[in-house]
2 protein chains.
Amino acid sequence: MMKEGTYHHGDLREALLQQALKDLETTPAHELSVRDIAQRIGVSKAAPYRHFPTRLDFLAAICQKGFGSFLVALKSVPAHPKGPAKTLRSIAAAYIDFAWRNPWLYRLLFSAEGLQLASESTKTTGKECFRVLEEAAKEAQMAGWRSNDDPAWLASALWAHVHGVAMLRLEGLLASPQGRGDTYWEDLAGAMVEI
Amino acid sequence: MMKEGTYHHGDLREALLQQALKDLETTPAHELSVRDIAQRIGVSKAAPYRHFPTRLDFLAAICQKGFGSFLVALKSVPAHPKGPAKTLRSIAAAYIDFAWRNPWLYRLLFSAEGLQLASESTKTTGKECFRVLEEAAKEAQMAGWRSNDDPAWLASALWAHVHGVAMLRLEGLLASPQGRGDTYWEDLAGAMVEI
DNA sequence: GATAGATGTTGGCTTTGCCAACATTGCTGG
DNA sequence: CCAGCAATGTTGGCAAAGCCAACATCTATC
């Protein structure tokens with residue numbers, strides 16, 4: 001009644017996550033259907049529940065992967081030759097770019113739904129993302145930028161700023177960069193970082 | 001089979017919206033059930049569909065109301081005696097306070113789901129909310145704050161910043177104001193507005 | 001006051017999350 | 001080596017929810 005050797009998938013958990021990640025490129029998280037994903041992978045509707053007790057756990061696992069990619073993206077920004085402040089701007093630009101290229105994933109990462117069942121390890125990765133910003137900000141401060149502000153506080157403000165730009169851009173609420181150069185988003189992100 | 005005179009509700013549309021708004025005080029938008037709201041109002045499960053073609057239209061109508069309240073909240077901030085820059089900070093603080101007091105509503109207002117079917121009038125109200133910020137920023141600029149920046153651009157950056165603070169705070173991602181005074185959030189919101 | 005349109009009701013279809021009972025398979029200890 | 005057990009999949013089914021169709025009731029208008 002089935003193809004031979006297909007009863008057990010091999011690595012269904014990974015396949016499910018991979019498919020979900022692919023779907024998230026074009027589909028909002030709340031439209032993800034566990035059943036549907038399972039069927040398309042070629043497995044029965046209830047199979048996913050052997051790997052994720054609940055839909056929310058599934059989303060949490062997706063977030064785990066997502067924060068991983070996010071961290072890689074942020075960490076792979078090279079130091080800017082013109083100094084730490086410029087590097088900070090580059091990181092902010094990379095942040096916004098990641099959100100733009102992964103619109104539904106990014107929204108999920110910072111949604112109540114995605115965060116609700118976040119594991120310790122996921123939270124840690126998330127914090128590491130923040131720390132990339134924080135470290136870059138600290139360097140910039142040592143180079144003279146807003147050196148009087150409390151570093152932790154400034155990093156929070158910066159994070160919020162960049163997150164806000166990313167989000168509003170995703171919702172199409174920010175004026176488009178007409179006439180502005182291709183550093184428009186970086187400039188916006190860097191509105192706190194005048195150079 | 002029914003109480004007399006109750007076949008027609010009178011103003012079901014309004015009642016549904018009101019109930020939804022109340023639910024949103026404690027419940028995420030994606031957990032709102034049209035059926036459930038209808039039942040609790042004492043009307044049949046399908047009745048709402050006489051007023052809203054689809055669930056998304058219902059959410060859009062909620063957003064209409066929501067943006068109205070938001071605009072009122074922003075507009076009711078009095079001018080600060082110490083000048084336009086301080087007024088700008090007050091507005092930013094009011095913005096964040098509104099989001100904090102209406103967590104699920106605020107999220108809905110700026111979510112893809114809520115914005116998807118937004119009517120022209122809703123969009124207009126939304127833009128008016130932005131204009132409150134924009135005007136206040138312009139005043140502050142005329143008083144000397146970042147007077148070299150393009151006003152429209154600066155207003156966008158400011159909006160993004162405040163939105164980001166509001167959002168991250170809602171998700172519990174910003175360090176709590178330990179030791180800081182009760183102007184913590186205003187200070188964070190005002191990280192772009194040094195005085 | 002008849003009648004059309006607006007507003008509600010009931011029943012039902014489909015999708016989806018999730019559970020229970022059963023099937024198959026790979027691993028592991030005797 | 002293989003018996004049996006844990007892991008993993010399958011099928012059937014329940015309940016909740018969005019939404020539709022067919023029908024009921026009310027209200028406003030000519």
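What you see is a predicted model; the values in this text were computed from it and never measured. Below, chain A is the first sequence line, B the second, and so on; all start at residue 1. Heavy atoms only: backbone and side chains are in, while hydrogens, waters and symmetry mates are out.
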Engineer: Do NZ/NE/NH1/NH2 and the carboxylate oxygens of B:E171 and B:R107 come within less than 4.0 Å?
Structural biologist: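 Salt bridge present between B:E171 and B:R107.
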Engineer: Counting distance alone, no hydrogens or angles: does the base of C:dG8 have a donor or acceptor under 3.5 Å from a partner atom on the side chain of B:R50?
Structural biologist: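 Under the 3.5 Å cut-off, the side chain and the base do form a donor-acceptor pair.
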Engineer: Residues from residues 31-38 of chain A sitting under 4.0 Å of DNA chain C, heavy atoms only?
Structural biologist: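 Of all residues in residues 31-38 of chain A, the ones placing a heavy atom under 4.0 Å from DNA chain C are A:L32, A:S33, A:V34, A:R35.
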Engineer: Between A:T54 and C:dG17, is there a side-chain N or O to OP1/OP2 distance below 4.0 Å?
Structural biologist: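 No, no such contact exists.
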Engineer: What's the shortest heavy-atom distance between A:A160 and B:L168, and which atoms?
Structural biologist: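 The answer is CA-CD1, 3.6 Å.
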Engineer: If I take atom CG in residue B:D23 and atom P in nucleotide D:dA17, what distance separates them, rounded to the nearest angstrom?
Structural biologist: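 That distance rounds to 12 Å.
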Engineer: Please state whether the phosphate of D:dA7, meaning OP1 or OP2, lies under 4.0 angstrom from any side-chain nitrogen or oxygen of A:H51.
Structural biologist: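 Negative; the distance criterion is not met.
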Engineer: Just compare C:dT9, D:dT10, C:dG17 and give me whichever is closest to any side-chain atom of A:Y49.
Structural biologist: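 So the nucleotide nearest the side chain must be C:dG17.
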Engineer: Whole Å only: how far is the CG atom of A:D11 from the P atom of D:dT8?
Structural biologist: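 Those two atoms, CG and P, are 10 Å apart.
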Engineer: Without decimals, in angstroms, what is the distance between A:H30 NE2 and C:dT15 P?
Structural biologist: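 Rounded to whole Å, this separation is 17 Å.
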Engineer: One thing to verify: whether A:K65 and A:E14 come together as a salt bridge, which I'm taking to mean a side-chain N less than 4.0 angstrom from a carboxylate O.
Structural biologist: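 Salt bridge: yes.
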Engineer: Between A:T87 and A:H80, what is the shortest heavy-atom contact and its length?
Structural biologist: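 Here A:T87 and A:H80 meet closest at OG1-N, 2.7 Å.
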Engineer: Hey, does A:N102 have a side-chain heavy atom less than 4.5 Å from the side chain of A:F70?
Structural biologist: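 When only atoms from C-beta onward are counted, A:N102 and A:F70 do not touch, as no gap falls below 4.5 Å.
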Engineer: Would you kindly give the CG-to-P distance between B:L16 and C:dT7, to the nearest whole Å?
Structural biologist: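 Nearest whole value for this atom pair: 12 Å.
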Engineer: Tell me: CG of A:D57 to P of C:dC19, nearest whole Å?
Structural biologist: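 Value for this atom pair: 11 Å.
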Engineer: Whole-Å distance between D:dA17 P and B:K45 NZ?
Structural biologist: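 Those two atoms, NZ and P, are 12 Å apart.
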Engineer: From C-beta outward on B:R55, which listed nucleotide comes closest to its side chain: C:dG8, D:dG18, C:dC18?
Structural biologist: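 Comparing C:dG8, D:dG18, C:dC18 against the side chain of B:R55, the answer is D:dG18.
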Engineer: Without swapping roles, check the side chain of B:S119 against the backbone of B:T122 for a donor-acceptor pair under 3.5 Å.
Structural biologist: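 The answer is yes, because a donor-acceptor pair under 3.5 Å joins these two groups.
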Engineer: Figure out the CD/P separation between B:Q39 and C:dG8, and round it to whole Å.
Structural biologist: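 Atom CD in B:Q39 sits about 14 Å away from atom P in C:dG8.
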Engineer: Look only at the side chain of B:H161 and the backbone of B:G190, and say whether a donor-acceptor pair between them is shorter than 3.5 Å.
Structural biologist: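 No; judged by distance alone, with no hydrogens or angles, the pair does not exist.
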Engineer: Atom CD1 of B:I41 and atom C1' of C:dT7: how far apart are they, to the nearest Å?
Structural biologist: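 From B:I41 CD1 to C:dT7 C1': 14 Å.
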